[in-house]
Structures are given as C-alpha cells and as structure tokens.
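Structure first, then comments.
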Amino acid sequence: MRVAVLGAGVVGSATAYMLARDGHEVSVIDRCDRPGMETSFANGGLMTPSDSSPWNSPGTVRRIGKMLFDSHSTLKINPSAVPSIVGWGLKFLANSTTARHKANMVANIRIASLSLETLRSIRKATTLNYDQTTRGTMRAFPRGGRMARFVQMCREMEEWGVKFEVLNQEQILEKEPCLKDVIDRYIGAVFFPDDESGDAHKFTSEMARLATELGARFLMNTSVLEIVKQSSSRISHVRTSNGDVRADAYVLSLGSYSPILTRTLGIHLPIVPVKGYSVTLPLNGWNGGPTRPVMDDGFHAMMVPMGDRLRMGGKAEFARFDTEVDPKEGRRVLNDILKILPAMASHVDVESASSWSGLRPMTPGGPPIVGPTPYNNLFLNTGHGPLGWTMSCGSAKIAADFITHGRVLSNRVDPRNYAL
C-alpha cells in the first residue's frame, strides 16, 4: 500500500519507519530541508513515562490567575493568546477533575510504556545512536515544596507500571555527586529507573535513516498546502508546494499545524500550540555535571546530559504560533541551572550556550489523537504535547497497526483513549 506521512518530525519519522517495516511504500512530506528541524530539533530530550500526569491537575482553576500574572509560573499565558484558546481552555479545565485527570494520566502511561517497549525492540534490531542515556531520571525537591503530594501521585502511577524510588539526601548524592554543593537545598528526591533520555533530533534523523533503508522516500523542502477530499469519506490527494501527492492512505503528523489542514475537511482538532524553551551548553570535556536527567522541582528546571553537551529546559508559554526565542527566558533557564550547579560556571563558557524554542501540540486532556478519521484513508498521529518523543514509537505503532491490520495489535493500550 502507498502511504503518505505528512510531517517529518519525531512522530512522523517514527511512523514512516513502522509503516516501511510493515512493507508499505512510504512517502514523507515536510517543509524543512531535513527531518526533525522544528519541534523535534532541541526539545528537552526526555523519554519519560514518569511524566505522564497531564498539566491540568485538580485545582488548576485556582492557579489560572498565577499563570496569567506571575512571571515565575511554570506555565505562562501570553495575554495575546487568550482569545484563541478560550474554547480549548474550557475543555482543559473540564479535564481537571480528579476522575478525568486520572483517566488521562493512565492513557498517557499506557502509550508511553508501549513506546518505550517499542523503542527498546528497535534498538536491539538496529544501530540507533542518539546520545542516549538509560540511567533513569531524578526529580529533586526543595524544602517546603510539594514532595509529599508528588510521591502520592507516583503511588497512583505505580499501579500502572511506573516504577519509582524515594531518595534521601545521602541517596541523592550516591546517584548524583554533582549536587553536593547544594544538597542542603533538598529534602529528598524521586528516582524513576525506567526513564531514558537523549537527543531527539538525532533520534529523528536516525529513524528517518532506518525508514529510508527500508525504502521510504522523504520529500523535503515540500510544504503541505491542502488535503483534498474525493468524497465525504475518502481523501483524493495532498496538494503540496511541489505538486500533488497521491497515496492509498495518509497519516497527518504535523503537530501544532495539524488543525489548520483538517478544518476544510470538517475535522476540528482540539489542539493548540504551547511554546517550550531549551538551552544547550557545550561542556568542552567537563564531566562534573549530572550523569542522568535531573529536575529541580523548585526552579522547575531540568538538565539533561547529551554526550559533551548539557540540555536545559524551563517554562512553557501559550503564545499562539510564535517561535521567536526570548533571550531573557534562555538566560533565566541558564541562571537557574547555575544555582543548581555553581561549579559549572568556572569550567565551561556559559556564553556559548544556544537558546531555542518550539511548539508543543497540546490537547485539552493530555493524550494524543491517534487513529482513524471519518475519511477511511486518513489517519491522525498528532497532539502529543510535551511527550512527543516519549510517545512517538508507541503512537507510530498504533497508527501503523490501524493501516496494516485495521486494528491495534498491542493489548497495552485501549485505542479509544486516543480516538478523535
């Protein structure tokens, strides 16, 4: 079967690989010159089933004011974006009840776990190399923070297969001696042994390479302009900047831009873009940093080792489709990390740090939208929010199963949780 995948980010490239592995004739269309050049380019680098709790936890209504007006909030809402997200925001709040939040968290855990299982099987069968770290992740909590509440949430996730360990100060230093200068800041930490990390851009490039070796074609520098329908139940072709592309089936994996293309089809995807920031710092041989991803729950800052680089991330922002890098936000992220790793300042050139921002495609509940549409040859694989890489291989397997077999083969997930 000829399948056209729209989008060559981490989700689209993983989908192309899974489809090519199933024996399909795959074409991938993307406006960039290489795979993984937009949201997948410099994201946080985490593959974390442990981070499956959606952002709209119970009590979100009470925190809306802080999000709007507190510059230190982890989730910032740019006032200019408010008119465009009102309807989506009401659905976001509706999903913040205890029951809905837990159901969405479980759905996230299931697809993230399937994804990690699928990734590990691909890694065994191929030559993937993306500066991966398989040493787990650690979240450290300052005194007076929310550690007790977080541990309770971990106990709920444990029921669905998320393993965790609670660490005291001594155990924190056993895993990460780099925190010795600030250990008195922390009351404890939670360690997730199954989490992984790495360079999502390198991973995307590798998946595209593997897909190409299986016969997939990547049509780069090609913008998708329109998905043209043949009838009320079937897609005819895709109109692009380089001519029409025809296939037997189509998979839409264009992240935050997916809703723009489905409107003319009468499909209204509940997805809005959320801007995320990262800073990448060359370490130039310095090995005094963390050996695995470490998140400081007080600063809401993370640091992820990637070979001879350190990736750092901070807050997210509702800012419509604005991808402009705010130098102040990049500097804030770097300054927070220097408070956690004060020794780093004297060993690396902090001025060589590069800042980046990208758009995360968020659904109101949290789980992505994966599977069939009212058009019998159009499938969705989009809306992964901050867990795009974490869920990429799992959602790719679900989409490929629908196209190849007409159903999802894995019993790890319930496809109804990700249905349109």
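Heads up: numbering here begins at 1 and tracks the sequence.
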* **Lys175 NZ/CZ over Phe191 ring centroid, <6.0 Å and within 45° of normal** => yes

* Establish, for the pair Arg31 and Tyr257, whether the NZ or CZ atom is under 6.0 angstrom from the six-membered ring centre and no further than 45 degrees off its axis. => yes

* Can you find a side-chain donor-acceptor pair between Ser392 and His384 that sits under 3.5 Å? -> no

* Asked: Between Phe318 and Phe92, what is the ring plane arrangement, given parallel below 30°, perpendicular above 60°, and tilted in between?
  -> perpendicular

* To do: Answer yes when Glu206 and Lys202 have at least one side-chain N-carboxylate O distance shorter than 4.0 Å, and no when they do not.
  => no

* Before accepting this row, confirm whether a basic side-chain N of the pair Glu117/Arg412 lies closer than 4.0 Å to the acidic partner's carboxylate O. => yes

Using distance only, find each side-chain donor-acceptor pair of residues 343-351 under 3.5 Å and give its atom names and separation, not counting sequence neighbours.
residue : atom : partner : partner atom : Å
Ser346  : OG   : Ala343  : O            : 3.1
His347  : ND1  : Ala343  : O            : 2.8
Asp349  : OD1  : Glu351  : N            : 3.1

Does the side chain of [Y] come within less than 4.5 Å of [X]'s, by heavy atoms?
{"X": "Asn108", "Y": "Pro368", "result": "yes"}
{"X": "Pro49", "Y": "Asp195", "result": "yes"}
{"X": "Thr404", "Y": "Met18", "result": "no"}

* Asked: His101 and side chain to side chain donor-acceptor pair (under 3.5 Å): which partner among Ser96, Ser57, Ser53?
  -> Ser53

* Which residue pairs pass the side chain to side chain donor-acceptor pair (under 3.5 Å) test with at least one member in residues 287-298, sequence neighbours excluded? -> Arg135-Thr291, Arg139-Asp297, Arg146-Asp297, Glu176-Thr291, Glu176-Arg292, Arg185-Asp296, Tyr186-Asp296

